[in-house]
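Okay, so here's the structure we're looking at.
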Amino acid sequence: EIVLGAETLAHPEAAALLESVEALVRSTGATVVPLVPEGNLIGTFLAGAYPELLPGGVTGDAGHPTDADPQVLYLIGVTPPANSQATVIYQNIDAPPDDRRVDLILSTAAFSEAEGTLVDLDRRVREMHPAVTPPGDSLPTWEILCRIARAMGAQGFDFAGTADIQAEMATHIDGYRPGATLSLDRLTPAFGAAPPAPRPAGRASWPFVLTTRVTPHTYLGLPLSRRVAGMRDILPEDTLSIHPEDASSAGITAGESVVVRTPHFERTWPVRLDPDLQPGTLLITLRERDGVGAVITPAEIRTAHVSAD
């Protein structure tokens, strides 16, 4: 088996890496095991939860282009943006961060409080059943969406329960039923090989390779560190991790603010020494995407009180 790490698609040479994996599969007959942070990633593809996909995971145009300056932002499991001028509707299991403006909050049920299915990495459809009753007036996401759609006069949202929704899903997803193993053949045209990423310009060499990632320990866009005491001590967020030898060579100490410069951005983070990192590599685990997201890129660092050349 070939185990494909979660950061592969963020690598600047992702297309070449995937072509190499494909060639290895053809020559050896090996099975690829992708390690993705999202547990129901395949299910979202098959549900058509992307602008370039229709239900069933087929390529197509849903006819709803993205508005760069929307009047209303309806956010489900997404942290509200900091400076949006739109009316913000926030649907989640917890309150938004204190520094984010929200106009309407809709309380939704967690996965442990609602019926549903997910598609695991073996492509099997798994049933989910509520372990507890949703608190207060919280409703399953599907019910909130259907109520809003009916109030807006939309047709096709008169579902009595999840069984009706699953019956409709079965008309779009070949073989869909709880317990079934699904085929992904129809997904292939939508996710062809991407063109190679351009090489960073402007510098012959960079002393470090930086990996940034958004913390995978989230649910509905909310970092679990907001609720789990001590989690940030075990898995620090919004800090720059560096090997002690690299820090010593650069004259940097733990807790010091350091400017990180890459071909894509320049930002400042406090330093954390991590002897488990390979020398020459840097790691930043972000609590939110915050304009950076997950990348693997060359980088250089300097202390915050030192000016750039």
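Along the sequence shown, residues are numbered consecutively beginning with 1.
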Check your understanding: To which residues is L106 joined in a hydrophobic cluster, defined by side-chain heavy-atom contacts under 4.5 Å among Ile, Leu, Val, Met, Phe, Trp and Tyr, whether direct or through other members?
Key -> V72, Y74, I76, I89, L104, L139, I144, L145, I148, M152

Point to revise | A299 to V260 - nearest heavy-atom pair and separation | key: CB-CG1, 4.3 Å

Point to revise | Sequence neighbours excluded - side chain to side chain donor-acceptor pair (under 3.5 Å) pairs with any residue from residues 21-33 | key: E22-R26

Review point. Hey, mind stepping through V25 and I2 against side chain to side chain contact (heavy atoms under 4.5 Å, CB included) and telling me if it holds?
Key: CA-CA 8 Å; V25 169; I2 301 172; 3.9 Å; yes

Revision key, fill the gap. Applied to residues 150-169, the side chain to side chain donor-acceptor pair (under 3.5 Å) test, sequence neighbours excluded, yields none

**Study point:** Listed partners of R177 passing side-chain hydrogen bond (donor to acceptor under 3.5 Å, both in side chains), at least two apart
**Key:** none

Exercise for review: Tell me, please, which residues at least two apart from S257 pass side chain to side chain contact (heavy atoms under 4.5 Å, CB included).
Suggested key: T268, A304

Review point. Of all residues at least two apart in sequence or in a different chain, which pass the side-chain hydrogen bond (donor to acceptor under 3.5 Å, both in side chains) check with R147?
Key: E143

Check your understanding: For the hydrophobic clusters of this structure (ILVMFWY residues joined by side-chain heavy atoms under 4.5 Å, transitively), does one cluster hold both L283 and F265?
Key -> no

Practice item. Could you pull out all residues at least two apart from R126 that satisfy salt bridge (charged side-chain N to carboxylate O under 4.0 Å, His left out)? Key: D120

Check your understanding: Once you round to the nearest 0.5 Å, how far does CZ of R100 lie from OG of S84?
Key -> 11.0 Å

Check your understanding: Do you reckon V88 sits in the same ILVMFWY cluster as I105, going by side-chain contacts under 4.5 Å, direct or chained?
Key -> yes

Exercise for review: Considering non-hydrogen atoms only, spot the tightest contact between P263 and T297 and give its length.
Suggested key: CD-OG1, 3.4 Å

Study note, to complete from the structure: Hits for side-chain hydrogen bond (donor to acceptor under 3.5 Å, both in side chains) against T117, two or more places apart or cross-chain, chain-then-number order -> Y176

**Study point:** Distance, nearest 0.5 Å, that separates CE of M128 from CD of E115
**Key:** 10.0 Å

Point to revise | Results of side chain to side chain contact (heavy atoms under 4.5 Å, CB included) for A149 - residues two or more places apart only | key: A154, F157

Review point. Under a 4.5 Å side-chain heavy-atom rule over Ile, Leu, Val, Met, Phe, Trp and Tyr, are L277 and V209 clustered together?
Key: no

Exercise for review: Provide the closest heavy-atom pair for P96 versus V102 in the form atom of the first, atom of the second, distance.
Suggested key: CG-CG2, 3.7 Å

Check your understanding: How far does NE2 of H172 sit from CG of L46, to the nearest 0.5 angstrom?
Key -> 12.5 Å

Revision key, fill the gap. Heavy atoms of V78 and Y90 approach each other most closely as O-CE1, 3.5 Å

Review point. What are the two closest non-hydrogen atoms of I301 and L282, and how far apart are they?
Key: CG2-CD1, 3.7 Å

Revision key, fill the gap. CG (L240) and CD1 (I252) are apart, to the nearest 0.5 Å, by 7.5 Å

Check your understanding: Could you state the interatomic distance from OG (S183) to CG (D174), rounded to the nearest 0.5 Å?
Key -> 7.5 Å

Review point. Which heavy-atom pair separates P81 from L73 by the least distance, and what is that distance?
Key: CG-CD1, 3.8 Å

Point to revise | Under the side-chain hydrogen bond (donor to acceptor under 3.5 Å, both in side chains) test, residues paired with D94 that sit two or more places apart | key: R227

Check your understanding: With a cut-off of 6.0 Å (strictly less than), are more than 12 heavy atoms of other residues, nucleotides or ligands near CG of D137?
Key -> no

Exercise for review: Answer yes or no: does atom CD of Q85 have more than 12 heavy-atom neighbours from other residues, nucleotides or ligands under 6.0 Å?
Suggested key: no

Study note, to complete from the structure: When rounded to the nearest 0.5 Å, the distance separating CD of E256 from OG1 of T303 is 5.5 Å

Review point. Which pairs pass side chain to side chain donor-acceptor pair (under 3.5 Å) with one or both residues in residues 239-252, sequence neighbours excluded?
Key: S241-R272

Review point. Same cluster for L273 and F208 if Ile/Leu/Val/Met/Phe/Trp/Tyr side chains link at under 4.5 Å?
Key: yes

Review point. Residues in ring pair (Phe, Tyr, Trp, His ring centres under 6.0 Å) with F111, at least two apart?
Key: Y219

